[in-house]
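In what follows, a single structure is set out as structure tokens and then discussed.
In this chain, residues are counted from 1 in sequence order.
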Amino acid sequence: MKPLHLFYCASLLGLTTMSGLLLLLYHCAPVLYYLCTGILLGSVGYCVVLYLAPKSRVSGEGKAVFITGCDSGFGFGLAKRLDSLGFTVFAGCLLADSGGEGLKKLHAECSSRLSTVQIDVTDDGQVQAAVQQVRDSLPTGSEGLYALVNNAGVWQTGEIEWVSMATYRRVMEVNTFGTVRVTKAFLPLIRRAKGRVVNISSVGGLHAGPMASAYSISKAAMEFFSDALRHEMHKWGVKVVIVEPASFARATDIVLPAVYNKFVEDMRNNLEYVVKEDYGMEYFDFKMEKRRLYAHEGHARVPTAVINAMVDAVTLTTPSHRYLVGSSFENYVTWMWLGYFPTRWTGSTLLAEKEGDPKPAMMKKNH
């Protein structure tokens, strides 16, 4: 039985129980029945009105936004979109000083309001230099930075025993500590403008499937950091928003063939002897190829949905706390309740091991 089926059963049971209680109240306490019914219908109506009501947006004129990870992917697309909406955009690029392709395209395709900033989110010096560059270039009359978008990130796949501690630290350093470092550096400018922080997390931060432990723990940490920041910044009038893309690896440069092949080769070369012996290279190669195919065939190619959510997070006067993008209802239910169901029911979709798949070498010997 799938988690979605259990969710439907639980929902049906809940509705039946609620109906029974309301019927009991109707016969035993009519006044309480009408009160509860009114509250229930009023709550539903309020939610419908909020959903359907037109949403107001801020004007980009005189407002500055700093975005990390603009060399390609979501950051590149968001920088172009916000520039077209009239914002002053500071596009943080890892390869700005070396004249990367993303930088050249941004300068060629955007207005003079956009400027590129060299930033490696793991480098304290570069982060402080970026803050100074932004502070010196803010629009005239601006009290600070209207929005910070923490988009820079790296991805790493592989079973836990295959991934080195150095790799775990690198992923955490970019995805988690990079976000914390940049946020802390820019917060004074954000607070003074009563602006907002938008953190690009992932559905990987909501659940941890196989072959994604390093990435998932880094994004889960970002989720909790963002929630804590949202509560702390409320008194300053600063909004904190999380955007959680689902399967959009193809829409970024995160799984380019050359990049993927490089870290597969590095992982293979750094496997401990006992791990290599127990798993076997046949199993290793099969799982890494399966992961590559999943990222290539099971992921969206166009980033438009994610960029739209990022634009909403930046421009809506009352944005949602979270934007989960690109997930079906079934995936959402599965991910939200993944830790509460038996593993065999939540075998992580396309990455689940199937009958006939190669087994680790040690398991073959034991059989």
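With sequence neighbours left out, the ring pair (Phe, Tyr, Trp, His ring centres under 6.0 Å) criterion links Phe66 to Phe186. Judged as a ring pair (Phe, Tyr, Trp, His ring centres under 6.0 Å), and not counting sequence neighbours, the contacts of Phe284 are Trp162.
Follow the hydrophobic side-chain contacts under 4.5 Å out from Met281 and you reach Val275 in the same cluster. Criterion: ILVMFWY side-chain heavy atoms under 4.5 Å apart, direct or through other members. Under it, Val306 and Val89 are part of a common hydrophobic cluster. Transitive grouping of hydrophobic side chains (ILVMFWY, heavy atoms separated by less than 4.5 Å) keeps Phe286 and Leu293 in distinct clusters. At a threshold of 4.5 Å between side-chain heavy atoms, the hydrophobic network of Ile, Leu, Val, Met, Phe, Trp and Tyr places Leu24 and Leu15 in two separate groups.
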Could you give me the CA-CA distance, side-chain angles and deciding distance for Asn308 and Arg81, then say whether side-chain hydrogen bond (donor to acceptor under 3.5 Å, both in side chains) is met? CA-CA 9 Å; Asn308 288 342; Arg81 182 80 69 84; 3.0 Å; yes

Between Glu265 and Arg268, does the salt bridge (Lys or Arg N to Asp or Glu O under 4.0 Å) criterion hold? Intermediate values first, please. CA-CA 5 Å; Glu265 189 62 30; Arg268 180 188 287 110; 2.8 Å; yes

Given side chain to side chain contact (heavy atoms under 4.5 Å, CB included), test Val149 with Val197 step by step and report yes or no. CA-CA 6 Å; Val149 182; Val197 177; over 6 Å; no

Step-by-step side chain to side chain contact (heavy atoms under 4.5 Å, CB included) determination, Phe74 to Met310: CA-CA 9 Å; Phe74 302 145; Met310 294 166 77; 3.8 Å; yes

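Listed by first then second residue, pairs satisfying side-chain hydrogen bond (donor to acceptor under 3.5 Å, both in side chains) with a partner in residues 82-92 read Asp83-Ser111, not counting sequence neighbours. Contacts classified as salt bridge (Lys or Arg N to Asp or Glu O under 4.0 Å) and involving residues 41-64 (residues at least two apart or in different chains) are given here: Arg57-Asp312.
The environment of CD1 in Ile160 is sparse: at most 12 heavy-atom neighbours from other residues, nucleotides or ligands sit within 6.0 Å. Counted within 6.0 Å of CZ on Arg192, heavy atoms from surrounding residues, nucleotides or ligands total 12 or fewer; the atom is thus considered open. More than 12 non-hydrogen atoms from other residues, nucleotides or ligands lie less than 6.0 angstrom from NZ of Lys276. Environment of CD in Glu143: sparse, with no more than 12 heavy atoms of neighbouring residues, nucleotides or ligands closer than 6.0 Å. With a 6.0 Å radius and a threshold of 12 heavy atoms from other residues, nucleotides or ligands, His107 has its NE2 atom above the threshold. By the neighbour-count criterion of 12 heavy atoms within 6.0 Å, atom CD of Gln132 is densely surrounded, having more than that number from other residues, nucleotides or ligands.
A donor-acceptor pair is defined here as one N or O able to donate and one able to accept, closer than 3.5 Å; no such pair exists between the side chain of Glu159 and the backbone of Met211. No donor-acceptor pair closer than 3.5 Å links the side chain of Ser320 to the backbone N or O of Tyr323. Under a 3.5 Å cut-off, the side chain of Lys235 and the backbone N or O of Glu232 do form a donor-acceptor pair. Looking only at distances, no side-chain donor or acceptor of Thr167 sits under 3.5 Å from a matching main-chain atom of Val163. The backbone N or O of Leu138 sits nowhere less than 3.5 Å from a side-chain atom of Ser142 that would complete a donor-acceptor pair. Panel note: side chain Tyr146, backbone Gly60; no donor-acceptor pair is recorded below 3.5 Å. Asn150 contributes no side-chain N or O that, together with a main-chain N or O of Val198, makes up a donor-acceptor pair within less than 3.5 Å. Thr317 contributes a side-chain N or O that, together with a main-chain N or O of Ser56, makes up a donor-acceptor pair within less than 3.5 Å. Panel note: side chain Asn151, backbone Thr68; a donor-acceptor pair is recorded below 3.5 Å.
Tyr260 and Thr157 form no side-chain donor-acceptor contact under 3.5 Å, judged by distance and modelled atom types alone. Ser216 and His207 share no donor-acceptor pair across their side chains, judged by distance under 3.5 Å alone.
In this structure, the side chains of Leu41 and Val44 stay at 4.5 Å or more apart for every pair of heavy atoms. For the pair Arg113/Phe87, no side-chain contact is recorded, criterion being any heavy-atom separation below 4.5 Å from C-beta on. The closest side-chain heavy-atom distance from Cys110 to Lys80 is below 4.5 Å. Annotation: side chain of Val127 is not in contact with side chain of Lys184 (no heavy-atom distance under 4.5 Å). With a 4.5 Å cut-off on side-chain heavy atoms, Val311 and Ile307 count as touching. Using a 4.5 Å heavy-atom threshold, the side chains of Tyr273 and Glu277 count as touching. No side-chain heavy atom of Val65 sits less than 4.5 Å from a side-chain heavy atom of Leu148. Within the 4.5 Å cutoff, side-chain heavy atoms of Met288 are placed close to those of Met267.
Annotation for Val174 and Gly153: closest pair CG1-CA, 3.9 Å, computed over non-hydrogen atoms. When every heavy atom of Ala152 is checked against every heavy atom of Val121, the shortest pair comes out as CB-CG1, 4.1 Å. Of all non-hydrogen atoms in Gln133 and Thr116, the two that sit nearest each other are NE2-O, 3.4 Å. Pairing each heavy atom of Ile190 with each of Ala147, the nearest pair is CD1-C, 3.9 Å.
Distance SG/Cys70 to CG/Leu78: 7.0 Å, rounded to 0.5 Å. Between Tyr168 atom OH and Ser213 atom OG the span is 2.5 Å, to the nearest 0.5 Å. In this structure, the separation between CH2 on Trp236 and CG on Leu187 is 10.5 Å, given to the nearest 0.5 Å. For the atom pair Asp71 CG and Ile119 CD1, the distance stands at 11.0 Å (nearest 0.5 Å). Rounded to the nearest 0.5 Å, atoms CD (Gln118) and CG (Asp97) are 4.0 Å apart. Expressed to the nearest 0.5 Å, how far NE2 of His234 lies from CG of Leu229 amounts to 13.0 Å.
Asp123 has no carboxylate O lying under 4.0 Å from a charged side-chain N of Arg181, or vice versa, which leaves the two without a salt bridge.
Annotation for Leu94: hydrophobic cluster partners, listed by chain and number, are Leu95 (ILVMFWY side-chain heavy atoms under 4.5 Å, direct or chained).
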Check residues 221-228 and write down every donor-acceptor pair under 3.5 Å in which the side-chain atom is one partner and the other belongs to a residue at least two apart or another chain.
{"from": "Glu223", "atom 1": "OE1", "to": "Arg322", "atom 2": "NE", "distance (Å)": "3.3"}
{"from": "Glu223", "atom 1": "OE1", "to": "Arg322", "atom 2": "NH2", "distance (Å)": "2.9"}
{"from": "Glu223", "atom 1": "OE2", "to": "Ser201", "atom 2": "OG", "distance (Å)": "2.8"}
{"from": "Ser226", "atom 1": "OG", "to": "Asn199", "atom 2": "ND2", "distance (Å)": "2.8"}
{"from": "Ser226", "atom 1": "OG", "to": "Met222", "atom 2": "O", "distance (Å)": "2.8"}
{"from": "Asp227", "atom 1": "OD1", "to": "Arg230", "atom 2": "NH2", "distance (Å)": "3.2"}
{"from": "Asp227", "atom 1": "OD1", "to": "Arg322", "atom 2": "NH1", "distance (Å)": "3.1"}
{"from": "Asp227", "atom 1": "OD1", "to": "Arg322", "atom 2": "NH2", "distance (Å)": "3.2"}
{"from": "Asp227", "atom 1": "OD2", "to": "Arg322", "atom 2": "NH2", "distance (Å)": "2.9"}

